[in-house]
There are 2 protein chains.
Amino acid sequence: MNNLLKLENQVCFPLYALSREVTQLYRPFLDDLGLTYPQYLVMLILWEENQQTVNQLGEKLYLDSGTLTPLLKRMEQKRIITRTRSTADERVVIISVTDIGEKMKEKATCIPAKLVEALGLSIDDLNQLKQIVTKALKR
Amino acid sequence: MNNLLKLENQVCFPLYALSREVTQLYRPFLDDLGLTYPQYLVMLILWEENQQTVNQLGEKLYLDSGTLTPLLKRMEQKRIITRTRSTADERVVIISVTDIGEKMKEKATCIPAKLVEALGLSIDDLNQLKQIVTKALKR
DNA sequence: CACAATTATATTGTGCACAATCTATATTTG
DNA sequence: CAAATATAGATTGTGCACAATATAATTGTG
């Protein structure tokens, strides 16, 4: 048997499984806000700096318009963001947080800490995880 | 500004991004086999030990029948697996690799090495990544 | 300036992921 | 043994991801 083909010897499978597991850990907290995990990521970006184009969001999240357009439309329907064409360049759509979306931020402040707790890793392990994963991502 | 809510300070976002990135790295190799990444994972399990129930696959992959049933049906259509009800327990569906599916294994042997290369991480980093991710997954 | 090339977003189609529910079979228990 | 319970898998519906393509606006070039 080719040992490299055993599931337990895969590096990528635990990564795939953990990524989904973590999304599950977020779910109860995000349910309270009525957000999905990718929608939460969009809100993080906009809370940090409002008014971003679809392209800018896509570059930060590594997502294309095929994913973002419908996702942003759903967020617009929830009245937490607006989508407006730029007058300077009609191709561009600018995404802005509404007052409702801005108010969610306060309720979201506790989420990172709750997630760290739910993950059950020490701060050291957490930093190591972030460092090595970020390193792998940077190539 | 609450720094904990900045995208760059998230631990989980790089994990989510890397998981998708890795799936993209697999794509060209898996395209040659006509498999998606989750389908490839199913094949890894079956190549290791043929004849597994949907439940057993689900426990190993952390997936439920809502995901697996349609996925396995697509694999059945490609003639790489069969789905047969157990006669001992009519609730159970047994998944088996066909000859066609078995032959794919040879073409797949090179994939793990190619992926390690594509990831561009040293063996040490790779082991560290696996160890810490597996540790986080085990809780 | 016309036209070719580029850019930004949208659309279409496929395949997961997962919650919620359903169905059929098996097991437990009174 | 019959009714209650549990289990295995299937179904339905929603929301990503992402490839491929389309559309419309902008920019570059002869």
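Since the model is a prediction, treat every value here as computed from it, not as a measurement. Labels below follow one simple rule: chain letters A, B, ... track the order of the sequence lines, proteins then strands, and each chain is numbered from 1.
- The side chain of B:Q39 has C:dG15 as its nearest neighbour among C:dT9, C:dG15, D:dA10.
- The distance from atom CZ of A:R74 to atom P of D:dG13 is 17 Å, rounded to the nearest whole Å.
- Phosphate contact (OP1/OP2 of C:dG15, side-chain N/O of B:K78, threshold under 4.0 Å): absent.
- Of the candidate nucleotides C:dA10, D:dA10, D:dG15, C:dA10 has the atom lying nearest to any side-chain atom of A:R85.
- Of all heavy-atom pairs between A:L61 and B:R20, the closest is O-NH1, 3.3 Å.
- Residues meeting the salt bridge (charged side-chain N to carboxylate O under 4.0 Å, His left out) test with A:D125, sequence neighbours left out: B:K135.
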Margin query: Pairs counted only when both distances fall under 3.5 Å, Watson-Crick or G-U: show me the 5' to 3' dot-bracket for DNA chain C, [ ] for pseudoknotted crossings and | for other-strand partners.
Written below: ||||||||||||||||||||||||||||||
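- Distances shown here put a side-chain N or O of B:K73 below 4.0 Å from the OP1 or OP2 atom of D:dT11.
- For A:Q51, the side-chain hydrogen bond (donor to acceptor under 3.5 Å, both in side chains) partners are A:S96, not counting sequence neighbours.
- Residues passing the side chain to side chain contact (heavy atoms under 4.5 Å, CB included) test with A:S65, sequence neighbours excluded: A:T69.
- When distances run from any side-chain atom of A:T53 to the nucleotides C:dC16, C:dT9, C:dA10, the shortest one goes to C:dT9.
- Ring geometry for A:Y37 versus B:Y16: interplanar angle over 60°, hence perpendicular rather than tilted (30 to 60°).
- Here A:R83 reaches the OP1 or OP2 of C:dA10: one of its side-chain N or O atoms lies under 4.0 Å away.
- In this structure, A:T36 reaches the D:dC16 phosphate: one of its side-chain N or O atoms is under 4.0 Å from OP1 or OP2.
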Notebook entry, point to check: Could you run down nucleotides 18-29 of chain C 5' to 3' and tag each one B, S or - for protein heavy-atom contact under 4.0 Å?
Noted result: BS-----BS---
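- B:I100 pairs by the side chain to side chain contact (heavy atoms under 4.5 Å, CB included) definition with B:R79, B:I80, B:T98, not counting sequence neighbours.
- OP1 and OP2 of D:dA8 both lie 4.0 Å or more from every side-chain N or O belonging to B:Q56.
- Counting only residues at least two apart or on different chains, the salt bridge (Lys or Arg N to Asp or Glu O under 4.0 Å) pairs with a member in residues 52-77 of chain B are B:E76-B:R83.
- Nearest to the side-chain atoms of A:V92 among the listed nucleotides C:dT9, C:dC16, D:dA17 stands C:dT9.
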For nucleotides 3-5 of chain D, tabulate all protein N/O to nucleotide N/O atom pairs closer than 3.5 Å, reporting atom names and distance.
none

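- With sequence neighbours excluded, the residues that form a side chain to side chain contact (heavy atoms under 4.5 Å, CB included) with B:V11 are A:L126, A:L129, A:K130.
- Listed by residue number, the members of residues 9-17 of chain A with any heavy atom below 4.0 angstrom from DNA chain C are A:Y16.
- Contact detail for A:L7 and B:L44: the closest heavy-atom pair is CD1-CD1, 4.4 Å.
- Scored by the side chain to side chain contact (heavy atoms under 4.5 Å, CB included) test, A:D89 finds A:S86, A:R91, A:V92 as partners (sequence neighbours excluded).
- Ring geometry, A:Y40 versus A:W47: the interplanar angle exceeds 60°, so the pair is classed perpendicular (tilted spans 30 to 60°).
- In this structure B:Q24 satisfies the side-chain hydrogen bond (donor to acceptor under 3.5 Å, both in side chains) test together with B:R27, sequence neighbours excluded.
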